[in-house]
Amino acid sequence: MIDHQKIYDTFINPYGKELAAEVIDMFILQFNQQFFNDLRKDVQDRNYLHLEPNAHDLKGVIGMFGDPLTTTISKKFLGMVQDNVELQLDQTFEELEQHSMLLIGELKIIRQDLTS
């Protein structure tokens, strides 16, 4: 669940609704194109060299939106990648993807509210 106050404090109050909507749009686009397509392939291939920077970026972006559960899962996933842990990597990635999709759903609602 997103901390809506954090969204307002971080993006809307200082920068306005239009810029906040653009940031949300960029995250959703980048999330769908880069993070999970690249991350899924790198998890399957166990390509830790590519996984680490993408997992780190994803953790940072998720943390920006104030979703504590998804942030915790992303930190766990990043730690597993940094330590080359294979046990439950696939399951943790699936959990991260599921919660990230819920985050995107919430962001779409917030974005719609910003432009209506």
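Along the sequence shown, the residues carry numbers beginning at 1.
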Check whether any side-chain heavy atom of Leu89 lies under 4.5 Å from a side-chain heavy atom of Val85, and answer yes or no. no

Side chain to side chain contact (heavy atoms under 4.5 Å, CB included), that's the test. Do Ile62 and Leu96 meet it? Break it down for me. CA-CA 10 Å; Ile62 287 172; Leu96 177 59; 4.1 Å; yes

Rounded to the nearest 0.5 Å, the OG1 atom of Thr71 sits from the NZ atom of Lys59 at a distance of 8.5 Å

When you group the ILVMFWY residues by side-chain heavy-atom contacts below 4.5 Å and let the links chain together, are Met64 and Met101 in the same group? yes

Is there a side-chain contact between His50 and Lys41 in this structure, where contact means two heavy atoms from C-beta onward sitting under 4.5 Å apart? no

Side-chain heavy atoms nearer than 4.5 Å, only ILVMFWY residues, links allowed to pass through others: does that put Leu58 and Leu102 together? no

Within this structure, what is the OG1-CD distance for the pair Thr72 and Glu95, rounded to the nearest 0.5 Å? 10.0 Å

Can you name the closest pair of heavy atoms from Thr70 and Ser100 and give their distance? CG2-OG, 3.7 Å

Just so I know, are the side chains of Thr115 and Lys17 near enough to count as touching, which here means a heavy-atom distance under 4.5 Å? no

Would Arg46 and Asp90 satisfy salt bridge (Lys or Arg N to Asp or Glu O under 4.0 Å), going step by step from the backbone distance to the final call? CA-CA 10 Å; Arg46 295 301 194 257; Asp90 294 313; 3.1 Å; yes

For residues 22-31, tabulate all N or O donor-acceptor pairs below 3.5 Å that involve a side-chain atom, not counting sequence neighbours.
{"from": "Asp25", "atom 1": "OD1", "to": "Arg111", "atom 2": "NE", "distance (Å)": "2.6"}
{"from": "Asp25", "atom 1": "OD2", "to": "Arg111", "atom 2": "NE", "distance (Å)": "3.1"}
{"from": "Asp25", "atom 1": "OD2", "to": "Arg111", "atom 2": "NH2", "distance (Å)": "2.9"}
{"from": "Gln30", "atom 1": "NE2", "to": "Gln34", "atom 2": "OE1", "distance (Å)": "2.7"}

Between Glu52 and Leu78, the two heavy atoms sitting closest are O-CD1, 3.8 Å

When rounded to the nearest 0.5 Å, the distance separating CD1 of Ile104 from CD of Glu97 is 9.5 Å

For residues Gln91 and Phe93, determine if any side-chain heavy atom of one lies less than 4.5 Å from a side-chain heavy atom of the other. no

Under a 4.0 Å N-O cut-off, is there an ion pair linking Asp113 with Lys108? no

Work out which heavy atom in Asp9 is nearest to a heavy atom in Asn13; give both atom names and the distance. OD1-ND2, 3.5 Å

Measuring from Phe77:CZ to Leu39:CG, what's the distance to the nearest 0.5 Å? 5.5 Å

Grab the two heavy atoms, one from Thr10 and one from Tyr15, that are nearest each other, plus how far apart they are. O-CE1, 3.5 Å

Rounding to 0.5 Å, atoms CD1 (Ile7) and CG (Leu107) come to a distance of 6.0 Å

For Ile12 and Ala20, which heavy atoms make the closest approach, and how far apart are they? CG1-CB, 3.6 Å

In the single-linkage hydrophobic clustering (I, L, V, M, F, W, Y; side-chain heavy atoms under 4.5 Å), do Leu69 and Val61 co-cluster? yes

Please report the closest heavy-atom contact between Phe65 and Leu103, naming both atoms and the distance. CB-CD1, 4.2 Å

What is the distance from atom CD of Gln82 to atom NZ of Lys75, rounded to the nearest 0.5 Å? 12.0 Å

Around atom CD of Gln112, are there more than 12 heavy atoms of other residues, nucleotides or ligands at under 6.0 Å? no

